[in-house]
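See structure below.
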Amino acid sequence: MKDLSVKVAGVTFPNPVIAASGTYGFGEDYAPLYPLNKLGGISCKGTTMNEKPGNIPPRIAETTAGMLNAVGLQNPGVEVFVNKYLPELKKQGNVIIANVAGATLEDYRNIAERLDSTDVDMIELNISCPNVKQGGATWGTSCEGASTVTKAVRAATKKPIMVKLTPNVTNVVEIAKAVEAEGADCLSLINTLLGMRIDIRTKRPILHNNVGGFSGPAIFPVAVRMVWQVANAVDIDVVGMGGISTAEDAIEMMMAGAKAVQMGTAIFTDPYSPLKVIDGIEKYMIENNIENLSEITGSVKPW
Amino acid sequence: MSYKCDCYKLIEKKAISAGMFSFTIYCPEVANLAKCGQFVHILVPGFTLRRPISICEVNRDKGTIRIVFEIRGSGTDKLASINVGDDIDMIAPLGNGFSVLDIADGKRIIVIGGGIGVPPMLETAKSYKKATALLGFRSYDKVILTKDFEDNGIETIVCTDDGSVGISGTISAPLKAELEKGDVAAVFACGPKPMLASVISLAKEYGVYSEVSLEERMGCGVGACVGCVCKIMRDGEEKMLRVCKDGPVFKGEEVIL
Ligand SMILES: Cc1cc2nc3c(=O)[nH]c(=O)nc-3n(C[C@H](O)[C@H](O)[C@H](O)COP(=O)(O)OP(=O)(O)OC[C@H]3O[C@@H](n4cnc5c(N)ncnc54)[C@H](O)[C@@H]3O)c2cc1C
Ligand SMILES: Cc1cc2nc3c(=O)[nH]c(=O)nc-3n(C[C@H](O)[C@H](O)[C@H](O)COP(=O)(O)O)c2cc1C
Ligand code: FES
């Protein structure tokens, strides 16, 4: 048995494979299959101050090697998360990341304050969700917006803050540096790319929202590139995601500079995929005489 | 709620009409849990998202379930190429099925199926002592499963949109005629939205309990992604509920189509 644990911004995860926000709910839906604490951690569904009904369906479309979603952050609100889901998840020994979203700066500040006194291990700031008309995309797509939110949340909580970056920008490195300067403890990337599919029979977009977030294996190379660029430019830890479905993908993402990874869409294809990735990473460690996963992080040798 | 995710053997495959297939899958652990109106979420090799398909019949003694599907696109096309003896990777059984109610003697239920909504109604009708099936299809070449209903002692009425077989037109008129008889305890339906709307309004008119099964595009299939929601009126509020976990079957009175 190898020690697969990793430390991200001071938080220890038993292994580097974390369920990505929005694809794993609050865990309970996958509990019939395996103990959730086999995962490195769970990033819970994006949570807002108050309950949100989300977008009109259809919210899901398939693409070649991927999918689009326009869920629009449907969630029960932070109180339900804190009172109902969090205690259960912590009782089972899971490392829990609260993924938070808001339309206004006040929202972000309030929700961070609310979470400060709870058991969550880390707060992931979703400043990159492309589905919410106000806030969301606007915060995460400019250095100014991203640093303003980070600064406000930093002042509201002592919890480690992970800022989740959107790939829908010209220069992701600038934004990464801007949030690092305002006190982000670590970064996660990438959120979904903005995409669209049209039904050629009806001429209607498949998503009722017309456009939606593109995820899954198809986006993997974009994610690896962005993680590599960002990890080279900042001193804080980076968690990589976007299209990871195999242990080889996860190792590649770590070589690009990620300390840990998140998996989302691959779980829809195969709910066991995170466990298979964990096993595959362990096998790779054994075969390559690796004692600590930090030996892999950033080990790419660029030309 | 309990479900499995595993590979199970396809033990029988039949083409039942043009582009329509019947699969019998050996999966004792799934058969033990399965209820009428639930579905399976099938991984078709090469696709990112699984395909939801209703459970058409359950045979606990043989440890099998049956599904019936139509080729609608590239996923179901690939599914149809799977051969007997091959594995089918599925998450199952999923969702809340149709209620199996205690029905007073002399009363019966009506199951209504439209096109590819017919399959789940077979197991549902079989779960009751006395059932009538009202099955609607586009035309004669789309008719499926009527013999299966009849072989199970279920009175079966067929309608086609073009009148090429059975009653000409939608199921609305024959449903009204059946409800007039006054011995219907409940109606259960799966099919296109206009059909469900008509079932719900007729059931309401006659004061008969109704349940309908809804369809939506799915991500996870197990309730985690909130991708598959529909509008439901519950506890005096309009809610976005998940077809995969809160449904696919909802009470007719709750559904906002
Ligand atoms: C609860 C439920 C039960 C179903 N039961 C049956 C059944 O018993 N027999 C049967 O033939 N069909 C059934 N369907 C419809 C079946 O899921 C679709 O026909 C199938 O997913 C189409 O896949 P495709 O790759 O051939 O089509 P494509 O159009 O290529 O599929 C593209 C994407 O859209 C999704 N999609 C397309 N049409 C539908 C649809 N009508 N409903 C949900 N997702 C869709 C696919 O799953 C896939 O993710 C059911 C659907 C639901 C939601
Ligand atoms: C259905 C769905 C819902 C999502 N919801 C959220 C969310 O609420 N908050 C968030 O930060 N990211 C959300 N994401 C983005 C994922 O967490 C992840 O960044 C993205 O899907 C890329 O990873 P993947 O290719 O492994 O899925 C969602 C993704 C999907 C597919
Ligand atoms: S498909 Fe994910 S919640 Fe229904």
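Being a predicted model, the structure only gives us computed values, none of them experimental. Chain identifiers are assigned alphabetically (A, B, ...) following the order of the sequence lines, protein sequences preceding nucleic acid strands; residue numbering begins at 1 within each chain.
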So which bits of [range] come within less than 4.5 Å of chain A, counting non-hydrogen atoms only?
range	value
residues 73-97 of chain B	B/I91
residues 28-48 of chain B	B/L43, B/F47, B/T48
residues 230-257 of chain B	B/M240, B/R242, B/K245

Should A/Q74 and A/P53 count as side-chain neighbours, where that means a heavy-atom distance under 4.5 Å? no
Shortest non-hydrogen contact from [X] to [Y]?
X	Y	answer
B/S139	B/D162	CB-OD2, 2.8 Å
A/I190	A/G242	CG1-CA, 4.3 Å
A/N94	A/L89	ND2-O, 2.8 Å

Can you see whether [X] engages [Y] through a side-chain donor-acceptor pair at a distance of less than 3.5 angstrom?
X	Y	result
B/S22	B/R66	yes
A/D107	A/T48	no
B/Y209	B/E211	yes
A/E124	A/N99	yes

Looking at CD1 of A/I96 and CE of A/M122, how far apart are the two atoms once the value is rounded to the nearest 0.5 Å? 12.0 Å
Give, for atom CG of B/L135 and atom CD1 of B/I112, the distance between the pair rounded to the nearest 0.5 Å. 9.5 Å
Report the C-alpha distance between A/T23 and A/M263 in whole Å, list the side-chain angles of each, state the deciding distance to 0.1 Å, and finish with yes or no for side chain to side chain contact (heavy atoms under 4.5 Å, CB included). CA-CA 8 Å; A/T23 62; A/M263 291 177 66; over 6 Å; no
Parallel, tilted or perpendicular: ring planes of B/F69 versus B/F23, cut at 30 and 60 degrees: perpendicular
Give a yes or no on whether a salt bridge exists between [X] and [Y], defined as a side-chain N under 4.0 angstrom from a carboxylate O.
X	Y	result
A/D199	A/R201	yes
B/E57	B/K62	no
A/E79	A/K84	no

How about residues 266-276 of chain A versus chain B: which residues have heavy atoms under 4.5 Å apart? A/F268, A/T269, A/D270, A/P271, A/Y272
Identify which of A/G66, A/A65, A/G22, A/G216 forms the greatest number of heavy-atom pairs closer than 4.5 Å to chain B. A/G66
Stepwise, does the side chain to side chain contact (heavy atoms under 4.5 Å, CB included) test hold for A/M253 with A/I244? CA-CA 8 Å; A/M253 190 63 97; A/I244 294 171; 4.0 Å; yes
Could you check, using the six-membered ring where one of them is a Trp, whether A/Y30 and A/Y24 have ring centers closer than 6.0 angstrom? yes
